[in-house]
Amino acid sequence: MKKILSLVLILLVCTSCKESSNQLEVSGSTSIAPVMEKLIASYEKDNNVKINLTADGSSAGITAATDGVSDIGMSSRSLTKDELKDDLNVNIIGIDAIVVVVNKNNGVDNLTIDDLHDIYSGKKTNWKDFGGINRPIVLVSRENGSGTRDAFEENIKVKTDQGISLVDSNNPVIVNSTGAVIENVAQKEGAIGYMSLGSVDDEIKAIKLNGVEPSEQSIIDKKYPITRDFYLVSKKDNKKVDEFISFILSKKGQQIMENEGFIKVK
Amino acid sequence: MKKQVFFETLYKLSIIFASLLLLLIIIFIFLEGFPALREYGFIKMIFNGEWQPTAKNPSFGLLYMILSTVVSTILSLLISIPIGILSSVCLVRMVNAKIKNIIMFIVEILAGIPSVIVGFFVLKTVVSFLYDHFYYMVGVSGNSMLAAIFVLALMSLPTIITVCVNSLEAVDPMYTEASLGLGANKIQTIYKVELRAARSGIFAAIVLGAGRVIGETMAVMLVSGNAINLPKNLLEPTRTLTSNIATEMSYASGLHQNALYASGIILFIMIMIINIVLLVLLNKGGVDNA
Amino acid sequence: MNNIFEIINLNLWYGSKQALKNISINIDDNCVVALIGPSGCGKSTFLRCLNRMNDLIANCRIEGSILFNNENVNSDSYNEIELRKKVGMVFQRPNPFPMSIYENVIYGPKCQGLTNKKELDSIVENSLKKAALWDDVKDRLHSSALGLSGGQQQRLCIARAIAMEPDVLLMDEPTSALDPIATTKIEELINELKKDYTIIIVTHSMQQAARISDYTAFFLMGELIEYDKTDVIFANPKNSKTEDYITGRFG
């Protein structure tokens, strides 16, 4: 028994020895975290660093980076004036556009942001209100904690100032993956859902918002209404951090960004 | 002699290992869930229906999910228990051994099918059917309490049938003979004597079925729609405690994550209550039994 | 006296094995008949023919006639439930149902659709009195029958059979699972009951057969060797095999 205990202890000590100074802490936005995970994996393969990732929300990420708790803070919203300190570097590493999708048999192919507000807050419940057939609308929504849901609901203003979502009480189908959104919208004629641009496939129909077609160009031109930039916040003059960020902005890093369904910035 | 000591130690170690594992899981869930219980309050958690874990002042009310767990469990058992008992009676007393063995073989395979497959099956059949026929109702998407109940009934049926068949087969033939010898017919013998004599086994079947139903996650998540509300009818979507954990665990962090573990604690308590209640009922039944 | 049972050329097979061979026997009304013989001689099988309990056994084939009150019960047209109402059975192991004493006694009448509470109450009292159990259990009619002693349980089973008001009681070694005191009580009970019922009892104990029966039938290897008044069988058997068995040379 004692032998086993000491063995465990030795193992523990060894693993903590290994944690040298060659590591980075990244924390913040839950929307950026999944793509960041891929970026980290790719970067760690070629570089001798260990990068720890924590997904705890944009605000927490910005605070952590400002206080030096994390080396890099991830944010899916722009920084407020108070948050923007002199010693901080802020980099845009990608753009997320949220596309609204409907069933392919749905005749409606354009909605305004106000329409989306009315639909997701339960004020209007039938497609005939928007020039479609007489059929109730089936709301498909992502789960609490999903960055896509956060961004979508903020943009169409179905969140109160307190951050309380108005969607839950309208009998939505709540799913926890883009695949399930596609599945539901493809199966149900009255369904409406949302997802990142890169995830849209031909089983469903992406519609125009405020008359603007979702496309890489319209997003980069800032014409498409539901977009958000992904920011990385870090202290200035940290060589290891800068190397990692320049990897993200490199061709390889941006390709990963695109593969995950986001719009590249370089 | 030495061999005996060795095996005794092996048995003891296995028991210690198994109980330690269980204890660790319990401790883990409680440690992870405790911060949410402390911050938000246990009473508030179980008596408040509002679940807004990402709001500025987050609320973690589980009432609706607790209710929908209870309701879907009860309703699905109301379907699967009678069907399970009737079909096991039929298997044990009304068909020949060959057919019984074939059916039991199928039932046992069914019991082993991963729940997610049952979920997909119901998604493609029941959910589609419900949407195709009731799409004109606002709030109906096919994903619903009814579909969840259907999945749960389907999931618990094989367990209930297997245990009921075993306990009916274990009924001492002397009871059957005594009943028939008194001029009772086959049906009277089954319902008045054999089922009664098999009562403890049937209770066990119900407990196991209830456990299976209340703990079922993936299949329910697929078909229930997961909306956090109190369904006004069975066609509206709903969310159970288990699917709450499964739906939100991937992106949850901080107190939100703790609150999901707290859902686990509540689930744990509910399962304990069910087991205790059924145990008490069984013992009470056992008094005039023994 | 009438013949309540008249059995003519009864043959019985379990699969291909013949268990009863050409049995012919007449059984009189209101007497006690003991069936004796070594294990496996067919006496229990014969007993179970009389209320068609062998119907429960797959692969069991019966030929010959069993006339009960001059009607052949060994035919598909005869309703076995009607027969069992008239021919009650008490088994080797006391087998009260896992219910209250009261529910056990009224089980048979209730299965026939009797629901009147007063009638049921009086059936319970009369049956238990006849089975000499009333004084033991009258204060706890609604507690579980499984709480009774073995002897009490067996008397309850007799009460349960009596509740159907049968003509015949079949008893398959009813005392073999009981202690001597309980056995004596059951034997006394049988002596009382024979005023009202024909009792056919299978027993392993020759003393028991001698003590309680009016007639004794000796079975061996599926054959009826000898059937006569009990005193004749025991004092003056005609067949040497009977004599050998009774004097304890085998069995």
Side-chain angles (χ1 to χ4, degrees), chain A residues 1 27-31 33-34 54-57 59-61 122 124-127 133-150 153-154 159-177 180 183-185 187-193, chain B residues 13 49-60 64 120 123-124 127-128 130-132 134-145 147 221-233 235-239 243-257 259-260:
Chain A
M1 202 60 196
S27 67
S29 163
T30 52
S31 321
T54 315
D56 53 2
S59 306
K124 288 188 176 160
T125 56
N126 198 303
W127 283 111
I133 49 163
N134 179 10
R135 191 182 257 265
I137 301 172
V138 172
L139 303 181
V140 180
S141 166
R142 291 294 303 274
E143 79 281 17
N144 283 310
S146 149
T148 313
R149 174 174 177 166
D150 268 350
E153 292 190 351
E154 267 165 32
K159 265 188 168 186
T160 65
D161 295 341
Q162 291 302 306
I164 292 170
S165 167
L166 305 174
V167 175
D168 288 308
S169 50
N170 305 316
N171 290 317
V173 178
I174 295 179
V175 295
N176 64 358
S177 70
E183 172 113 0
N184 273 286
V185 174
Q187 296 277 323
K188 291 162 189 163
E189 276 200 41
I192 184 170
Chain B
L13 278 178
E50 199 184 25
W51 174 263
Q52 289 284 357
T54 51
K56 285 201 180 89
N57 286 311
S59 45
F60 300 114
Y64 295 162
F120 265 118
L123 188 67
K124 292 292 177 199
V127 171
S128 301
L130 290 177
Y131 184 64
D132 289 347
F134 297 100
Y135 66 87
Y136 53 84
M137 289 165 70
V138 173
V140 170
S141 55
N143 296 60
S144 57
M145 183 110 174
M221 192 174 93
L222 274 173
V223 304
S224 69
N226 293 314
I228 307 147
N229 60 359
L230 218 50
K232 288 181 282 298
N233 58 54
L235 290 173
E236 289 192 357
T238 193
R239 183 184 291 196
S243 55
N244 186 41
I245 301 174
T247 306
E248 299 198 351
M249 199 46 112
S250 49
Y251 288 125
S253 58
L255 213 54
H256 182 189
Q257 196 174 39
L260 293 180

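Order of the sequence lines sets the chain letters (A, B, ...), proteins ahead of strands, with each chain counted from 1. Just so it is clear, the structure is predicted and the values come from calculations on it, not from any experiment.
Qualifying side-chain hydrogen bond (donor to acceptor under 3.5 Å, both in side chains) partners for Ser59(A), counting only residues two or more places apart in sequence or in other chains: Arg77(A).
Two residues are said to be in side-chain contact when any heavy atoms from C-beta on lie closer than 4.5 Å; Asn143(B) and Val175(A) fail this criterion.
Asn176(A) places a side-chain N or O within donor-acceptor distance of the main-chain N or O of Ala246(B), the cut-off being under 3.5 Å. A donor-acceptor pair under 3.5 Å is formed between the side chain of Tyr131(B) and the backbone N or O of Gly190(A).
In this structure, chain A has a heavy atom under 4.5 Å from the side chain of Val127(B), while its backbone stays farther away. Of the atoms belonging to Met221(B), it is side-chain heavy atoms, and not backbone ones, that fall under 4.5 Å from chain A. Only the side chain of Glu50(B) comes within less than 4.5 Å of a heavy atom in chain A; its backbone stays farther off. Of the two parts of Leu230(B), neither the backbone nor the side chain holds a non-hydrogen atom closer than 4.5 Å to a non-hydrogen atom of chain A. In this structure, chain B has a heavy atom under 4.5 Å from the side chain of Val138(A), while its backbone stays farther away.
Nearest heavy atoms, Pro172(A) versus Pro237(B): O-CG, 3.7 Å. When all heavy atoms of Lys56(B) and Asp161(A) are compared, the closest pair comes out as NZ-O, 2.7 Å. When all heavy atoms are compared, the tightest approach of Gln187(A) to Ser128(B) is OE1-OG, 4.2 Å. Closest heavy-atom contact between Lys159(A) and Thr54(B): NZ-OG1, 4.4 Å. The shortest heavy-atom contact between Gln162(A) and Ala55(B) is O-CB, 3.3 Å. Of all non-hydrogen atoms in Asn226(B) and Ile174(A), the two that sit nearest each other are ND2-O, 3.0 Å.
Contact tally against chain A (heavy-atom pairs below 4.5 Å) for Ser141(B), Gly139(B), Pro231(B): the top residue is Ser141(B).
Screening residues 165-174 of chain A for side chain to side chain donor-acceptor pair (under 3.5 Å) gives Arg149(A)-Ser165(A), Arg149(A)-Asp168(A), Glu153(A)-Ser165(A), Asn171(A)-Asn229(B), Asn171(A)-Glu236(B) as the qualifying pairs, with residues at least two apart or on separate chains.
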